[in-house]
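Okay, so here's the structure we're looking at.
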Amino acid sequence: MPTPASPDAVHVLTGSYTPDSGGDGSGLAALRLDPATGHLAYESQVPPLPVSGASFLAAHPSLDVVYSTNEGEAGTVSAVTRRGDGVLAPLGDPVSTGGANPCHLAVHPGGDWLLTANYGSDTAPGSVSVHRLGPDGRLLELTDVAVHEGSGPVAGRQEGSHAHQVLVDPAGRSVLATDLGADAVFTYRLGPRAGTLERTAVSPLRAGSGPRHLAFAPGGELVFSADELSSTLTCHRYDAGTGTLTATATVPATAARDLVNQPGGIVASPCGRFVWVTNRGADTVAAFRVTGTTLEPIGETPSGGTWPRGLTLTAGHLLVANQHSGTLAALRVLDSGALEQPAPAASVPSVVCALAL
């Protein structure tokens, strides 16, 4: 008999690489988190939904609709609806992004547009796509593809541009896209009628750093970057008027020195005092204290598996998607910003991201 769900349980969707995208996962799976214990369990009444290459998920701000990347050379994105009982169903067919290997997406706060970062490939540049969304949340036409240009000094990773994340700044004014290949953050203004992207600025970041993801501090005056190629975490001042970043401090993402490490997911606390980043290689989640515009290491906690990629904050816990071990762990956030794992991780094959609903 299934264990009764806690009345405070948080519903969680996970995304994973499927056999056709190089993994062993099912696509989308539904779990629940008990905040009192940190226990994760599958939603027994919600069968997994096959979604190819579900490497990142985002929720519509006002509808029971979730969007997924379908990572692959011929990039597409999918819309999924959640019924009242939590059961998942496709909302229309996957739609082309006009780019290769979509790896991140975000819904514009108004709920009318889906923004997607296309990593690109050896032959296709990184880019950002825009889709119009219908009144029911379904994907309509592709309205723009903004192509990135640039390169960096790291051989094998920076021969060309590789968009890795797209997000809207806290003011809702600018669309930012990190580019791991170009060592830059591209800033755009989204046209509210046509859904086109007008580039307004480019912020060059440290050469060879390979910015992967950004996380804003509350208020939007600071933004932090997880730098995949230099294994660092950087604090930047953010100018909301121009949409530009200026670095103020950089620290190592892990204390480990005898291994190759690649930071992955990054989260800033709602109070603005802490930042956490996953370390693929060290297999930890590192905690940092924010003091002014500087960063101070607090400590590192085992990630609950190997190759921790996605990181999600919900109900006083960080959900860590450990890709290679196929485990989803819930790490409790302590008052100090440090972390602890109160319960065993859940088995979720080839998991790479989690979305709290």
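This structure is a prediction, so every number in the text was calculated from the model and none was measured. Quick note: numbers below take in every heavy atom, side chains included, and nothing from hydrogens, waters or symmetry partners.
Side-chain atoms of T306 come within 3.5 Å of backbone atoms of S325 as a donor-acceptor pair (strictly under, hydrogens ignored). Looking only at distances, a side-chain donor or acceptor of S16 sits under 3.5 Å from a matching main-chain atom of S26. Side chain of D34 to main chain of H39: no donor-acceptor pair is present (N/O by atom type, distance under 3.5 Å, no hydrogens or angles). Side chain of E340 to main chain of L331: no donor-acceptor pair is present (N/O by atom type, distance under 3.5 Å, no hydrogens or angles). Using a distance-only test at 3.5 Å, with no hydrogens or angles considered, no donor-acceptor pair links the side chain of S203 to the main chain of T244.
Nearest approach of L229 to G208, heavy atoms of both residues: CB-O, 3.3 Å. Of all non-hydrogen atoms in G243 and L176, the two that sit nearest each other are O-CD2, 3.9 Å. Here the shortest heavy-atom pairing between N101 and S121 reads ND2-CB, 4.1 Å. In terms of heavy-atom proximity, P90 sits nearest to L49 at CD-CD1, 4.0 Å. Minimum interatomic distance between G305 and S303 (heavy atoms only, all atoms of both residues): O-OG, 3.1 Å. When every heavy atom of L197 is checked against every heavy atom of A146, the shortest pair comes out as CD1-CB, 3.9 Å.
Around CG of D85, the count of heavy atoms belonging to other residues, nucleotides or ligands within 6.0 Å exceeds 12. The neighbour count for D20 CG, taken as heavy atoms of other residues, nucleotides or ligands under 6.0 Å away, is above 12.
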Next item on the list: May I have the step-by-step check of salt bridge (charged side-chain N to carboxylate O under 4.0 Å, His left out) for E228 and R309, ending in yes or no?
Entry: CA-CA 11 Å; E228 177 171 325; R309 183 162 159 168; over 6 Å; no

Check: Given the rule in the ring-ring contact (aromatic ring centres under 6.0 Å, His included) test, do F186 and H148 qualify, once you have shown the distances and angles that lead to the verdict?
Finding: CA-CA 8 Å; F186 291 77; H148 289 185; 3.8 Å; yes

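Hydrophobic cluster of L63: the remaining members, joined at side-chain heavy-atom separations below 4.5 Å, are F56, V65, Y67, V77, L91, V95, L105, V107, L114, L133, L139, listed by chain and number.
A donor-acceptor contact closer than 3.5 angstrom is absent between the side chains of D227 and S209. With no hydrogens or angles considered, a side-chain donor-acceptor pair links Y17 and E71 at under 3.5 Å. Checked by atom type, the side-chain pair T254/E300 shows a donor-acceptor distance below 3.5 Å. A donor-acceptor contact closer than 3.5 angstrom links the side chains of T234 and T250. No hydrogens or angles considered: a donor-acceptor pair under 3.5 Å links the side chains of S231 and N261.
The aromatic rings of H164 and H213 stand perpendicular to each other, their planes meeting at an angle above 60°, with 30° marking the opposite boundary. Using bins of under 30°, 30° to 60° and over 60° for the plane-to-plane angle, the ring pair F274/W276 lands in the tilted bin. Using cut-offs of 30° and 60° on the angle between ring planes, the pair H324 and W307 is parallel.
No salt bridge links E43 with R82; every basic N to acidic carboxylate O contact stays at or beyond 4.0 Å. A salt bridge does not link R189 to E198: none of the charged side-chain nitrogens sits closer than 4.0 Å to a carboxylate oxygen.
Sequence neighbours left out, the pairs with a member in residues 285-295 that pass salt bridge (charged side-chain N to carboxylate O under 4.0 Å, His left out) are R289-E296.
No option in N118, T116, T69 other than N118 meets the side-chain hydrogen bond (donor to acceptor under 3.5 Å, both in side chains) test with T97.
One distance of note links CG of L115 with NE2 of H104; it measures 10.5 Å at 0.5 Å rounding.
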